[in-house]
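Below is one structure, written out as structure tokens; comments come after it.
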2 protein chains.
Amino acid sequence: MRWEELDREPCSLARTLSVVGDRWTLLVLRECFLRIRRFEEFEQRLGIARHVLADRLKKLTEAGVLEKTPYQERPRREEYRLTEKGLALYPALLALLDWGDKFMSGKEGPPLLRRHKTCGHVVHAVTTCSECGEALDARAMTAEPGPGAPAGFVLPQRPSNKAVDK
Amino acid sequence: MRWEELDREPCSLARTLSVVGDRWTLLVLRECFLRIRRFEEFEQRLGIARHVLADRLKKLTEAGVLEKTPYQERPRREEYRLTEKGLALYPALLALLDWGDKFMSGKEGPPLLRRHKTCGHVVHAVTTCSECGEALDARAMTAEPGPGAPAGFVLPQRPSNKAVDK
DNA sequence: CAGATTGGGTTCCAAAAAAGAACTTGTCAA
DNA sequence: TTGACAAGTTCTTTTTTGGAACCCAATCTG
């Protein structure tokens with residue numbers, strides 16, 4: 001499978017990755033959530049090659065995740081801001097961040113903490129069920145074809161092997 | 001910045017991406033959550049080049065996200081299974097998936113639905129605050145240096161520009 | 001018992017993407 | 001008239017992928 005075909009896959013993860021799934025895009029978005037908005041700032045903070053940055057900003061803008069708005073005319077200068085669609089990526093970034101805090105921080109602990117303005121506490125994310133409100137975990141979930149599934153779509157069956165299934 | 005330096009960045013997102021942030025790894029993990037466990041199955045379902053797959057499985061195993069266990073001797077055959085550390089990535093995958101369901105599904109709707117065994121409903125994830133339980137959104141959060149922050153670490157200040165801030 | 005098959009890889013070459021540095025463009029200020 | 005600034009673009013070199021072929025040990029198959 002080639003990268004440009006990813007957005008046509010019948011899978012919402014693949015489609016999301018067709019927008020944010022390359023080496024740099026999520027780091028660019030991290031900067032956006034820290035309110036970085038200008039080309040030079042992204043470049044300096046990330047140490048990304050300028051043409052790669054230009055390409056990513058263009059693709060994110062075309063995807064409707066960022067929007068380019070002028071902050072001055074003469075000479076015209078533009079900045080990149082998150083749209084609602086971009087802001088909606090926050091839970092995904094937060095989930096990746098929390099995993100890093102938990103599994104990739106050394107004994108020093110996480111480099112950054114996040115405070116919830118609403119309640120005033122330092123917090124992390126808890127992924128809960130939209131229907132019953134309980135915390136979700138992988139073992140309590142099953143997948144099934146949805147309305148957008150292609151005809152004849154079959155989910156893999158749980159393998160009937162005799163593996164060491166302690 | 002080169003890719004191998006990513007795991008030393010003082011940022012949990014960068015560190016997480018040093019494990020799952022390349023073109024293929026999250027798709028491999030999607031298969032793992034669908035209980036795909038064998039080399040040939042990954043290859044056939046993903047259409048990934050074999051040596052890239054071998055490399056990704058090795059790296060995920062070294063990172064402690066997957067573990068390689070024999071499912072038969074003579075001839076010895078092994079399969080890859082998610083560890084607890086790997087299962088802990090579920091909220092992140094789910095958040096990316098939900099974003100795709102919401103923004104990347106056409107009018108047909110999402111290709112896959114997820115059912116919560118505990119409550120029996122088709123559900124999506126709601127990211128909530130670990131302290132107050134309210135749903136989290138980007139605008140209600142602020143970042144601050146944590147215990148693992150490098151000395152002299154400064155967060156970017158909100159830019160004091162005169163941008164069109166409707 | 002020779003030959004094909006299966007699972008899980010490795011090797012090789014060509015194509016695509018990223019790194020790094022230099023060059024461009026429009027505008028203003030000294 | 002020269003320099004600086006912001007935001008790119010162009011060029012060359014290195015890394016990563018994609019695609020196909022090959023390897024190998026241990027069964028099946030005839």
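The shown structure was predicted, so the numbers you read here are calculated from the model rather than taken from an experiment. Residue numbers start from 1 in every chain, and the chains themselves are labelled A, B, ... in the order their sequence lines are given, proteins ahead of strands.
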Given side chains that start at C-beta, do those of A:Cys32 and A:Leu66 come closer than 4.5 Å, heavy atoms only?
yes
Do the side chains of B:Met141 and A:His116 get nearer than 4.5 Å, heavy atoms only?
yes
Is [X] salt-bridged to [Y], going by a charged N under 4.0 Å from an acidic O?
X: A:Arg50; Y: A:Glu43; value: yes
X: B:Glu144; Y: A:Arg115; value: yes
X: B:Glu78; Y: B:Lys58; value: no
X: B:Arg114; Y: B:Asp101; value: yes

By nearest nucleotide on DNA chain C, pick out whichever of A:Arg56 and B:Asp55 is the more 5' one.
B:Asp55
Pick the closest DNA chain C nucleotide for B:Phe39 and for A:Ala49 by heavy atoms, then say which residue is nearer the 5' end.
B:Phe39
For DNA chain D, what residues of residues 4-25 of chain B have any heavy atom nearer than 4.0 Å?
B:Glu4, B:Trp24
Report the distance from atom [atom1] of [X] to atom [atom2] of [N], rounded to the nearest whole Å.
X: A:Ile36; N: D:dA7; atom1: CD1; atom2: P; value: 12 Å
X: B:Lys59; N: D:dT15; atom1: NZ; atom2: P; value: 13 Å
X: A:Ile48; N: D:dA7; atom1: CD1; atom2: P; value: 15 Å
X: B:Glu73; N: D:dA25; atom1: CD; atom2: C1'; value: 14 Å
X: A:Leu53; N: D:dT10; atom1: CG; atom2: P; value: 16 Å
X: B:Glu43; N: D:dA21; atom1: CD; atom2: C1'; value: 13 Å

Between A:Arg77 and B:Arg50, name the one whose nearest nucleotide on DNA chain D is closer to the 5' end.
A:Arg77
Starting from the 5' end of DNA chain D, give me the residue, A:His51 or A:Trp3, whose nearest nucleotide shows up first.
A:His51
Mind checking [X] for me? I need base, sugar-phosphate or nothing, with any heavy atom below 4.0 Å counting as a touch.
X: A:Tyr80; answer: sugar-phosphate
X: A:Arg2; answer: sugar-phosphate
X: B:Lys68; answer: sugar-phosphate

Picking from D:dT27, D:dA7, D:dG18, the nucleotide nearest the side-chain atoms of B:Val52 would be D:dG18
Shortest non-hydrogen contact from [X] to [Y]?
X: A:Arg37; Y: A:Phe42; value: C-CE1, 3.6 Å
X: B:Leu46; Y: A:Met1; value: O-CE, 3.2 Å
X: B:Ala138; Y: A:Phe33; value: CB-CE2, 3.6 Å

Outermost nucleotides of DNA chain C that come under 4.0 Å of a non-hydrogen atom of chain B
C:dT6 to C:dG20
